[in-house]
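Report on the following structure.
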Amino acid sequence: NIIDTSKIDSGFYRLDKTDVNIVELVEDTALSMVELAEVKGIELIVDPEIEELFINCDKLDIERCIINLIGNAIKFTDVGGTISVSVNKLDEKVKISVKDTGLGIDKKYHNSIFDRFGQVYNEVSEEFGGSGLGLTLSKQLIELHGGTIDISSELGKGSEFTVVLPVKQKNNFIREYNK
């Protein structure tokens, strides 16, 4: 994660974009994490509102973002909680949502959770939220794809992370190296 965020910051991260069925990618990625959720006593529901939508993206990078969002939801949702993953089409964009019934994040931290090494100290769990790079890298990768990531959360009531990506992409590099 450190290497990739550094490459992105310096402008030399390469996207390997192809046409990908985003619904299938989100479903397969989420379903691969069901067992992890079940071990923790959490129900993971995958409920796309569309059956198929091809977008031009880097499959591995988008998969990485989805894994990060679902992994965080599992980490911060207690036994008996629920995580819902959905996919919707919005004109020439796709919306991917990961919503949980977990601990939630105080509004004062909504911007800092996307900062490099930004962590939210949770007084309820008395744990730090990891290295602080997962959401930073996810945001950077989504923005490289011309998309956005947003959070809606309230302490004690869960969180919803929403990713919006364009269906069509233009270039594969942030910046090309000039010799």
Side-chain angles (χ1 to χ4, degrees), residues 1-5 7-8 13-90 93-105 113-114 119-120 125 127-145 147-153 158-167 169:
N1 285 351
I2 291 172
I3 291 169
D4 287 339
T5 56
K7 282 182 183 178
I8 292 169
Y13 190 88
R14 183 178 173 8
L15 295 176
D16 184 20
K17 294 185 284 188
T18 59
D19 287 337
V20 174
N21 181 349
I22 191 68
V23 179
E24 181 179 38
L25 176 64
V26 171
E27 280 183 313
D28 289 350
T29 304
L31 291 174
S32 75
M33 300 180 78
V34 165
E35 193 172 319
L36 179 62
E38 287 175 349
V39 165
K40 194 171 172 196
I42 298 167
E43 183 180 17
L44 177 55
I45 301 165
V46 184
D47 188 23
E49 293 188 14
I50 53 177
E51 290 185 28
E52 182 178 89
L53 177 63
F54 284 85
I55 72 167
N56 189 252
C57 68
D58 186 312
K59 180 179 180 176
L60 294 177
D61 283 343
I62 299 303
E63 179 181 54
R64 193 174 182 182
C65 296
I66 296 164
I67 288 170
N68 181 268
L69 294 176
I70 296 172
N72 283 346
I74 291 170
K75 186 176 187 177
F76 295 105
T77 300
D78 290 328
V79 173
T82 304
I83 299 168
S84 301
V85 180
S86 65
V87 183
N88 305 309
K89 187 173 187 319
L90 307 169
K93 296 180 182 183
V94 62
K95 176 179 144 185
I96 303 162
S97 171
V98 177
K99 184 175 185 176
D100 65 61
T101 59
L103 301 174
I105 300 168
I113 61 170
F114 295 109
Q119 296 175 324
V120 177
S125 67
E127 294 176 354
F128 282 96
S131 69
L133 282 177
L135 286 174
T136 300
L137 182 58
S138 293
K139 182 178 181 183
Q140 289 175 324
L141 292 172
I142 289 162
E143 288 177 347
L144 281 179
H145 281 84
T148 60
I149 182 170
D150 293 304
I151 180 176
S152 173
S153 182
S159 301
E160 180 174 14
F161 284 86
T162 304
V163 173
V164 177
L165 294 166
V167 173
Q169 294 291 312

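Computed from a prediction, not measured in an experiment: that's the story for all the values here.
- Put simply, the side chain of D78 reaches to within 4.5 Å of the side chain of L103, judged on heavy atoms.
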Does the side-chain contact (heavy atoms from CB on, under 4.5 Å) test come out yes or no for C65 and I142, once each step is laid out?
-> CA-CA 8 Å; C65 296; I142 289 162; 4.0 Å; yes
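- Atom CZ in F54 sits 11.0 Å away from atom CG in L25 (nearest 0.5 Å).
- In terms of heavy atoms, E51 sits closest to V23 at O-CG1, 3.6 Å.
- Taking each heavy atom of S153 and S159 in turn, the nearest pair found is OG-OG, 2.7 Å.
- Rounding to the nearest 0.5 Å gives a distance of 9.5 Å between CD of E160 and CG of D100.
- In terms of modelled atom types and a separation under 3.5 Å, the side chain of D58 and the main chain of D16 share a donor-acceptor contact.
- The shortest distance between side-chain heavy atoms of L53 and V87 does not fall below 4.5 Å.
- Between N68 and L137, the closest side-chain pair of non-hydrogen atoms is not below 4.5 Å.
- Note that CD1 of I66 is 4.5 Å distant from CD1 of I96, once rounded to the nearest 0.5 Å.
- Judged purely by atom type and a 3.5 angstrom limit, S97 has no side-chain atom pairing as donor or acceptor with the backbone of V85.
- Counting only heavy atoms from C-beta outward, the side chains of F161 and N72 never approach each other to under 4.5 Å.
- Annotation: side chain of I55 is not in contact with side chain of H145 (no heavy-atom distance under 4.5 Å).
- Looking only at side-chain heavy atoms (C-beta outward), V20 and I62 stay at 4.5 Å or farther from each other.
- Side-chain atoms of I67 and M33, non-hydrogen and from C-beta on, do get closer than 4.5 Å to each other.
- Here the CD-CG distance, from E52 to N21, works out to 5.0 Å after rounding to the nearest 0.5 Å.
- The number of heavy atoms from other shown groups lying within 6.0 Å of NZ (K89) is above 12.
- A donor-acceptor contact shorter than 3.5 Å links the side chain of T101 to the backbone of T82.
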Quick one: do V163 and L69 satisfy side-chain contact (heavy atoms from CB on, under 4.5 Å)? Show the steps, please.
-> CA-CA 10 Å; V163 173; L69 294 176; 3.8 Å; yes
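- In this structure, S32 contributes its side chain and T29 its backbone to a donor-acceptor pair below 3.5 Å.
- A distance of 10.5 Å separates OG1 in T148 from NZ in K95, rounded to the nearest 0.5 Å.
- We find the NZ-CG distance between K59 and D19 to be 12.5 Å, quoted to the nearest 0.5 Å.
- At least one donor-acceptor pair under 3.5 Å links the side chain of K40 to the backbone N or O of T77.
- Across I83 and I70, no two heavy atoms sit closer than the pair CD1-O, 4.5 Å.
- Under the 4.5 Å side-chain criterion, counting only non-hydrogen atoms from C-beta, P48 is not in contact with V26.
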